2 protein chains.
Amino acid sequence: MEEHKENVGKENDKELDEETLFVVSQTFKALSDPTRIRILHLLFHKEYPVNGIAENLQLRQSTVSHQLRFLKNLRLVKYRREGTTLYYSHDDEHVMHMLKQTIDHACHS
Amino acid sequence: MEEHKENVGKENDKELDEETLFVVSQTFKALSDPTRIRILHLLFHKEYPVNGIAENLQLRQSTVSHQLRFLKNLRLVKYRREGTTLYYSHDDEHVMHMLKQTIDHACHS
DNA sequence: TGCATATATTAACATATGCTCATATTATAT
DNA sequence: ATATAATATGAGCATATGTTAATATATGCA
(Lines give C-alpha, C1' and ligand atoms only; values in the text may rest on other atoms or scores of the structure.)
Protein backbone atom coordinates (compact mmCIF):
# COMPACT_ATOMS: atom_id res chain seq x y z
CA MET A 1 0.00 0.00 0.00
CA GLU A 2 2.51 2.57 1.14
CA GLU A 3 4.66 2.12 -1.94
CA HIS A 4 4.15 5.42 -3.76
CA LYS A 5 7.21 7.48 -4.60
CA GLU A 6 8.09 11.00 -3.52
CA ASN A 7 7.08 13.94 -5.68
CA VAL A 8 3.83 12.52 -6.90
CA GLY A 9 2.04 15.84 -6.72
CA LYS A 10 2.75 18.92 -8.75
CA GLU A 11 5.75 20.01 -6.70
CA ASN A 12 8.68 18.23 -8.32
CA ASP A 13 11.27 20.63 -6.99
CA LYS A 14 12.95 18.40 -4.43
CA GLU A 15 16.00 16.31 -5.12
CA LEU A 16 15.35 13.07 -6.95
CA ASP A 17 15.44 9.96 -4.80
CA GLU A 18 18.09 7.39 -5.52
CA GLU A 19 15.82 4.77 -7.04
CA THR A 20 14.20 7.16 -9.48
CA LEU A 21 17.64 8.40 -10.43
CA PHE A 22 18.74 4.85 -11.10
CA VAL A 23 15.73 3.88 -13.19
CA VAL A 24 15.88 7.05 -15.26
CA SER A 25 19.60 6.80 -15.91
CA GLN A 26 19.31 3.12 -16.86
CA THR A 27 16.49 3.87 -19.27
CA PHE A 28 18.51 6.50 -21.06
CA LYS A 29 21.62 4.37 -20.92
CA ALA A 30 19.77 1.76 -22.95
CA LEU A 31 19.29 4.36 -25.65
CA SER A 32 22.80 5.75 -25.48
CA ASP A 33 24.55 3.03 -27.45
CA PRO A 34 24.53 2.91 -31.28
CA THR A 35 24.15 -0.87 -31.38
CA ARG A 36 21.13 -0.87 -29.07
CA ILE A 37 19.61 2.02 -31.00
CA ARG A 38 19.99 0.08 -34.24
CA ILE A 39 18.40 -2.98 -32.68
CA LEU A 40 15.42 -1.06 -31.31
CA HIS A 41 15.08 0.81 -34.57
CA LEU A 42 14.93 -2.49 -36.42
CA LEU A 43 12.29 -3.77 -34.02
CA PHE A 44 10.15 -0.72 -34.62
CA HIS A 45 7.80 -2.33 -37.10
CA LYS A 46 8.15 -6.05 -36.60
CA GLU A 47 9.65 -8.87 -34.57
CA TYR A 48 12.96 -10.55 -35.45
CA PRO A 49 14.84 -13.65 -34.33
CA VAL A 50 18.30 -13.10 -32.86
CA ASN A 51 20.04 -14.27 -36.01
CA GLY A 52 17.76 -12.09 -38.11
CA ILE A 53 18.88 -9.05 -36.16
CA ALA A 54 22.51 -10.08 -36.46
CA GLU A 55 22.28 -10.52 -40.22
CA ASN A 56 20.34 -7.32 -40.79
CA LEU A 57 22.72 -5.20 -38.77
CA GLN A 58 25.93 -7.09 -39.54
CA LEU A 59 26.60 -7.96 -35.94
CA ARG A 60 27.84 -11.12 -34.21
CA GLN A 61 25.25 -13.38 -32.70
CA SER A 62 26.77 -13.00 -29.25
CA THR A 63 26.80 -9.22 -29.52
CA VAL A 64 23.10 -9.19 -30.34
CA SER A 65 22.31 -11.68 -27.62
CA HIS A 66 24.17 -9.67 -25.01
CA GLN A 67 22.42 -6.45 -25.95
CA LEU A 68 19.04 -8.14 -26.07
CA ARG A 69 19.58 -9.37 -22.54
CA PHE A 70 20.38 -5.81 -21.51
CA LEU A 71 17.20 -4.54 -23.13
CA LYS A 72 15.18 -7.44 -21.76
CA ASN A 73 16.28 -6.71 -18.19
CA LEU A 74 14.89 -3.21 -18.60
CA ARG A 75 11.68 -4.60 -20.14
CA LEU A 76 12.35 -2.70 -23.33
CA VAL A 77 12.02 -5.87 -25.41
CA LYS A 78 10.20 -9.18 -25.02
CA TYR A 79 10.24 -12.43 -26.99
CA ARG A 80 8.06 -15.32 -28.00
CA ARG A 81 9.38 -18.77 -28.71
CA GLU A 82 8.75 -20.82 -31.85
CA GLY A 83 10.73 -24.03 -31.74
CA THR A 84 14.31 -23.07 -31.06
CA THR A 85 13.81 -19.62 -32.47
CA LEU A 86 13.12 -16.62 -30.25
CA TYR A 87 11.30 -13.75 -31.89
CA TYR A 88 12.13 -10.47 -30.21
CA SER A 89 9.94 -7.37 -30.30
CA HIS A 90 9.81 -4.05 -28.48
CA ASP A 91 7.93 -3.84 -25.20
CA ASP A 92 7.92 -0.21 -24.06
CA GLU A 93 5.86 2.27 -26.03
CA HIS A 94 7.12 5.25 -24.06
CA VAL A 95 10.75 4.47 -24.78
CA MET A 96 10.09 3.68 -28.44
CA HIS A 97 8.25 6.97 -28.80
CA MET A 98 11.17 8.89 -27.28
CA LEU A 99 13.56 7.11 -29.59
CA LYS A 100 11.48 7.93 -32.66
CA GLN A 101 11.11 11.56 -31.63
CA THR A 102 14.82 11.95 -31.09
CA ILE A 103 15.73 10.24 -34.35
CA ASP A 104 13.34 12.51 -36.24
CA HIS A 105 14.73 15.49 -34.40
CA ALA A 106 18.27 14.50 -35.38
CA CYS A 107 17.38 13.73 -38.98
CA HIS A 108 15.77 17.11 -39.55
CA SER A 109 18.61 19.09 -38.01
CA MET B 1 21.58 23.13 -50.29
CA GLU B 2 21.86 19.38 -50.65
CA GLU B 3 22.33 18.88 -46.93
CA HIS B 4 19.08 17.20 -45.93
CA LYS B 5 19.29 13.82 -44.19
CA GLU B 6 17.95 10.48 -45.34
CA ASN B 7 14.51 9.32 -44.22
CA VAL B 8 12.83 12.68 -44.22
CA GLY B 9 9.54 11.28 -45.53
CA LYS B 10 7.22 8.86 -43.84
CA GLU B 11 9.25 5.77 -44.69
CA ASN B 12 11.74 5.44 -41.86
CA ASP B 13 12.45 1.79 -42.43
CA LYS B 14 16.00 2.04 -43.74
CA GLU B 15 19.06 1.72 -41.60
CA LEU B 16 20.03 4.83 -39.70
CA ASP B 17 22.93 6.78 -41.11
CA GLU B 18 26.04 7.11 -39.01
CA GLU B 19 25.64 10.77 -38.17
CA THR B 20 22.08 10.41 -36.96
CA LEU B 21 23.14 7.43 -34.92
CA PHE B 22 25.89 9.48 -33.33
CA VAL B 23 23.71 12.47 -32.50
CA VAL B 24 20.94 10.32 -31.05
CA SER B 25 23.28 8.22 -28.94
CA GLN B 26 25.07 11.31 -27.64
CA THR B 27 21.80 12.94 -26.69
CA PHE B 28 20.70 9.95 -24.68
CA LYS B 29 24.17 9.53 -23.23
CA ALA B 30 23.83 12.97 -21.74
CA LEU B 31 20.77 11.76 -19.87
CA SER B 32 22.25 8.42 -18.86
CA ASP B 33 24.36 9.64 -15.95
CA PRO B 34 22.89 10.33 -12.48
CA THR B 35 25.04 13.41 -11.95
CA ARG B 36 23.98 15.00 -15.23
CA ILE B 37 20.36 14.12 -14.55
CA ARG B 38 20.57 15.82 -11.15
CA ILE B 39 22.12 18.91 -12.71
CA LEU B 40 19.49 19.18 -15.43
CA HIS B 41 16.76 18.49 -12.91
CA LEU B 42 18.05 21.34 -10.77
CA LEU B 43 18.11 23.64 -13.79
CA PHE B 44 14.51 22.84 -14.58
CA HIS B 45 13.03 25.94 -13.00
CA LYS B 46 15.84 28.44 -12.73
CA GLU B 47 19.45 29.25 -13.53
CA TYR B 48 22.33 28.50 -11.15
CA PRO B 49 26.00 29.43 -10.93
CA VAL B 50 28.50 26.54 -11.00
CA ASN B 51 29.14 26.74 -7.27
CA GLY B 52 25.41 26.92 -6.59
CA ILE B 53 24.95 23.64 -8.42
CA ALA B 54 27.88 22.11 -6.53
CA GLU B 55 26.51 23.16 -3.15
CA ASN B 56 22.97 22.12 -3.92
CA LEU B 57 23.96 18.68 -5.14
CA GLN B 58 26.96 18.14 -2.88
CA LEU B 59 29.39 17.81 -5.76
CA ARG B 60 32.93 19.10 -6.31
CA GLN B 61 33.29 22.23 -8.35
CA SER B 62 35.41 20.42 -10.93
CA THR B 63 32.89 17.65 -11.29
CA VAL B 64 30.12 20.14 -12.00
CA SER B 65 32.29 22.11 -14.37
CA HIS B 66 33.20 18.98 -16.33
CA GLN B 67 29.62 17.86 -16.66
CA LEU B 68 28.48 21.34 -17.63
CA ARG B 69 31.04 21.36 -20.42
CA PHE B 70 29.68 18.04 -21.60
CA LEU B 71 26.12 19.39 -21.58
CA LYS B 72 27.23 22.64 -23.17
CA ASN B 73 28.90 20.84 -26.07
CA LEU B 74 25.57 19.19 -26.81
CA ARG B 75 23.77 22.55 -26.47
CA LEU B 76 21.72 21.17 -23.61
CA VAL B 77 22.70 24.08 -21.37
CA LYS B 78 23.81 27.68 -21.89
CA TYR B 79 25.16 30.37 -19.58
CA ARG B 80 25.22 34.10 -19.07
CA ARG B 81 28.01 35.94 -17.32
CA GLU B 82 27.67 38.37 -14.43
CA GLY B 83 31.09 39.43 -13.21
CA THR B 84 33.05 36.29 -12.52
CA THR B 85 29.91 34.27 -12.05
CA LEU B 86 28.43 32.13 -14.81
CA TYR B 87 24.74 31.42 -14.52
CA TYR B 88 23.84 28.17 -16.24
CA SER B 89 20.38 27.29 -17.51
CA HIS B 90 18.88 24.62 -19.73
CA ASP B 91 18.82 25.17 -23.47
CA ASP B 92 16.93 22.29 -25.09
CA GLU B 93 13.21 22.05 -24.52
CA HIS B 94 12.89 18.71 -26.28
CA VAL B 95 15.47 17.06 -24.05
CA MET B 96 14.10 18.63 -20.89
CA HIS B 97 10.65 17.41 -21.82
CA MET B 98 11.90 13.87 -22.33
CA LEU B 99 13.70 14.01 -19.00
CA LYS B 100 10.60 15.21 -17.19
CA GLN B 101 8.42 12.58 -18.84
CA THR B 102 10.80 9.80 -17.90
CA ILE B 103 11.20 11.00 -14.33
CA ASP B 104 7.43 11.12 -13.92
CA HIS B 105 7.15 7.71 -15.51
CA ALA B 106 9.70 6.31 -13.07
CA CYS B 107 8.19 8.04 -10.05
CA HIS B 108 4.74 6.62 -10.70
CA SER B 109 5.92 3.09 -11.26
C1' DT C 1 49.60 46.07 -10.26
C1' DG C 2 48.19 42.73 -7.07
C1' DC C 3 44.68 40.08 -4.89
C1' DA C 4 40.38 37.56 -4.39
C1' DT C 5 36.58 35.01 -6.37
C1' DA C 6 34.58 31.99 -9.73
C1' DT C 7 35.28 28.82 -13.18
C1' DA C 8 37.97 25.92 -16.45
C1' DT C 9 41.45 22.66 -17.49
C1' DT C 10 44.77 18.86 -17.05
C1' DA C 11 46.40 14.45 -15.70
C1' DA C 12 45.73 10.40 -13.14
C1' DC C 13 43.03 6.86 -11.56
C1' DA C 14 39.31 3.43 -10.87
C1' DT C 15 35.35 1.63 -12.79
C1' DA C 16 32.05 0.73 -16.49
C1' DT C 17 31.11 -0.61 -21.06
C1' DG C 18 30.91 -3.17 -25.38
C1' DC C 19 32.82 -6.61 -28.40
C1' DT C 20 34.74 -11.08 -29.31
C1' DC C 21 35.88 -16.00 -29.01
C1' DA C 22 34.87 -20.10 -27.03
C1' DT C 23 31.69 -22.82 -24.84
C1' DA C 24 27.26 -24.03 -22.69
C1' DT C 25 22.34 -24.46 -22.94
C1' DT C 26 17.88 -25.37 -24.93
C1' DA C 27 14.56 -27.28 -27.98
C1' DT C 28 13.58 -30.22 -31.91
C1' DA C 29 13.84 -34.00 -34.90
C1' DT C 30 15.70 -38.37 -36.32
C1' DA D 1 20.13 -41.15 -27.32
C1' DT D 2 22.39 -38.25 -30.76
C1' DA D 3 22.72 -34.63 -33.83
C1' DT D 4 21.49 -30.12 -35.27
C1' DA D 5 20.00 -25.38 -35.05
C1' DA D 6 19.27 -21.28 -32.34
C1' DT D 7 20.41 -18.80 -28.56
C1' DA D 8 22.73 -17.75 -24.08
C1' DT D 9 26.67 -17.26 -21.18
C1' DG D 10 31.50 -16.46 -19.38
C1' DA D 11 36.05 -14.63 -19.61
C1' DG D 12 39.29 -11.57 -21.55
C1' DC D 13 40.43 -7.40 -23.55
C1' DA D 14 40.49 -2.58 -25.22
C1' DT D 15 38.29 1.60 -24.77
C1' DA D 16 35.12 4.92 -22.64
C1' DT D 17 33.56 7.25 -18.67
C1' DG D 18 33.29 9.89 -14.27
C1' DT D 19 35.65 11.70 -10.32
C1' DT D 20 39.34 13.86 -8.12
C1' DA D 21 43.31 16.91 -6.80
C1' DA D 22 46.08 20.26 -8.47
C1' DT D 23 46.67 24.00 -11.26
C1' DA D 24 45.49 27.46 -14.72
C1' DT D 25 42.59 31.12 -16.44
C1' DA D 26 39.61 35.03 -16.22
C1' DT D 27 37.15 38.83 -14.21
C1' DG D 28 36.52 42.58 -10.99
C1' DC D 29 38.29 45.53 -7.60
C1' DA D 30 41.49 48.03 -4.28
Side-chain angles (χ1 to χ4, degrees), chain A residues 16 18 21-43 46-89 91, chain B residues 16 18 21-43 46-89 91:
Chain A
L16 297 167
E18 214 174 313
L21 212 47
F22 181 74
V23 172
V24 172
S25 63
Q26 284 298 111
T27 301
F28 286 122
K29 189 156 298 184
L31 300 170
S32 73
D33 174 67
T35 300
R36 287 191 292 269
I37 293 174
R38 293 173 73 210
I39 291 175
L40 288 174
H41 182 252
L42 187 67
L43 296 181
K46 63 181 223 240
E47 61 182 10
Y48 281 87
V50 179
N51 278 329
I53 297 172
E55 286 164 24
N56 254 279
L57 305 182
Q58 294 283 91
L59 297 167
R60 312 273 174 176
Q61 178 266 324
S62 62
T63 298
V64 175
S65 189
H66 278 300
Q67 299 295 11
L68 285 174
R69 181 170 61 168
F70 185 104
L71 297 171
K72 182 76 172 48
N73 286 338
L74 291 172
R75 318 254 182 178
L76 267 41
V77 301
K78 65 187 178 205
Y79 64 81
R80 71 179 178 84
R81 179 181 289 279
E82 198 166 297
T84 60
T85 303
L86 303 184
Y87 289 92
Y88 278 84
S89 56
D91 196 30
Chain B
L16 297 167
E18 214 175 311
L21 212 47
F22 181 75
V23 172
V24 172
S25 63
Q26 284 297 112
T27 302
F28 286 122
K29 189 157 297 183
L31 299 171
S32 72
D33 174 67
T35 300
R36 287 191 292 270
I37 292 174
R38 294 173 72 209
I39 291 174
L40 288 174
H41 181 252
L42 187 67
L43 296 182
K46 61 181 225 237
E47 62 182 9
Y48 281 87
V50 179
N51 278 328
I53 297 172
E55 288 165 23
N56 253 279
L57 305 181
Q58 294 283 89
L59 298 167
R60 312 273 172 175
Q61 178 265 325
S62 63
T63 298
V64 175
S65 189
H66 277 302
Q67 299 295 11
L68 285 173
R69 181 171 61 169
F70 185 105
L71 296 170
K72 182 77 171 52
N73 286 338
L74 292 172
R75 317 257 183 177
L76 267 42
V77 301
K78 66 187 176 200
Y79 65 81
R80 73 181 176 82
R81 162 163 267 136
E82 197 166 298
T84 59
T85 302
L86 303 185
Y87 289 91
Y88 277 85
S89 56
D91 198 29

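In what follows, every heavy atom counts, from backbone to side chain, and hydrogens, waters and symmetry copies are set aside. Chain identifiers are assigned alphabetically (A, B, ...) following the order of the sequence lines, protein sequences preceding nucleic acid strands; residue numbering begins at 1 within each chain. Since the structure is predicted, the reported quantities are computational estimates derived from the model, not experimental observations.
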Subject >> Separation of atom CZ in A/Arg81 from atom C1' in C/dA27, rounded to whole Å >> reply: 6 Å

Subject >> Neighbour count above 12 (heavy atom, 6.0 Å) for A/Tyr79 OH >> reply: no

Original post:
Taking atom C1' of C/dT9 as reference, at what distance in whole Å does atom NZ of B/Lys72 sit?
Top reply: 16 Å

**OP:** Report, as a single string ordered 5' to 3', how protein heavy atoms within less than 4.0 Å touch nucleotides 16-25 of chain C: B base, S sugar-phosphate only, - not at all.
**Re:** -SSSBBB---

Original post:
Over how many whole Å does the gap from B/Tyr79 atom OH to C/dA6 atom C1' extend?
Top reply: 13 Å

Subject >> Summary of salt bridge (charged side-chain N to carboxylate O under 4.0 Å, His left out) pairs that have at least one residue in residues 62-77 of chain A, sequence neighbours excluded >> reply: none

Sequence neighbours left out, cut at 3.5 Å: what donor-acceptor pairs do the side chains of residues 22-34 of chain A make with other protein atoms?
from, atom 1, to, atom 2, distance (Å)
A/Ser25, OG, A/Leu21, O, 3.0
A/Ser25, OG, A/Phe22, O, 2.9
A/Thr27, OG1, A/Val23, O, 2.8
A/Ser32, OG, A/Lys29, O, 2.7
A/Asp33, OD2, A/Thr35, N, 3.1
A/Asp33, OD2, A/Arg36, N, 3.2

Original post:
By salt bridge (charged side-chain N to carboxylate O under 4.0 Å, His left out), which residues pair with B/Lys78, not counting sequence neighbours?
Top reply: B/Asp91

**OP:** Figure out the CD1/C1' separation between B/Ile53 and C/dA6, and round it to whole Å.
**Re:** 13 Å

Original post:
Listed by chain and number, what are the side chain to side chain contact (heavy atoms under 4.5 Å, CB included) partners of A/Arg60, not counting sequence neighbours?
Top reply: A/Ser62, A/Thr63

Original post:
To the nearest 10 degrees, what angle separates the axes at the start and end of the helix from C/dT1-D/dA30 to C/dT30-D/dA1, five pairs each?
Top reply: 10°

Original post:
Where does the chain B footprint on DNA chain D start and end, counting 5' to 3' with a 4.0 Å heavy-atom cut-off?
Top reply: D/dT17 to D/dG28

Original post:
Under the side-chain hydrogen bond (donor to acceptor under 3.5 Å, both in side chains) test, which residues partner A/Tyr88, sequence neighbours left out?
Top reply: none

**OP:** Mind checking side-chain hydrogen bond (donor to acceptor under 3.5 Å, both in side chains) for A/Arg80 and listing every partner two or more places apart, or none if nothing turns up?
**Re:** A/Glu47, A/Glu82

Original post:
With B/Tyr48, which residues qualify under side-chain hydrogen bond (donor to acceptor under 3.5 Å, both in side chains), at least two apart?
Top reply: B/Lys46

Original post:
Who are the side-chain hydrogen bond (donor to acceptor under 3.5 Å, both in side chains) partners of B/Glu18, not counting sequence neighbours?
Top reply: none

Original post:
Can you check whether A/Ile39 reaches A/Val77 side chain to side chain, under 4.5 Å on heavy atoms?
Top reply: no

**OP:** Describe the nucleic acid contact of A/Tyr87 in one word from base, sugar-phosphate, nothing, applying a heavy-atom distance below 4.0 Å.
**Re:** nothing

Original post:
What nucleic acid atoms does A/Thr85 come within less than 4.0 Å of, heavy atoms only: base, sugar-phosphate, or nothing?
Top reply: sugar-phosphate

Subject >> Pairing residues for B/Arg38 by the salt bridge (charged side-chain N to carboxylate O under 4.0 Å, His left out) criterion, not counting sequence neighbours >> reply: A/Glu15

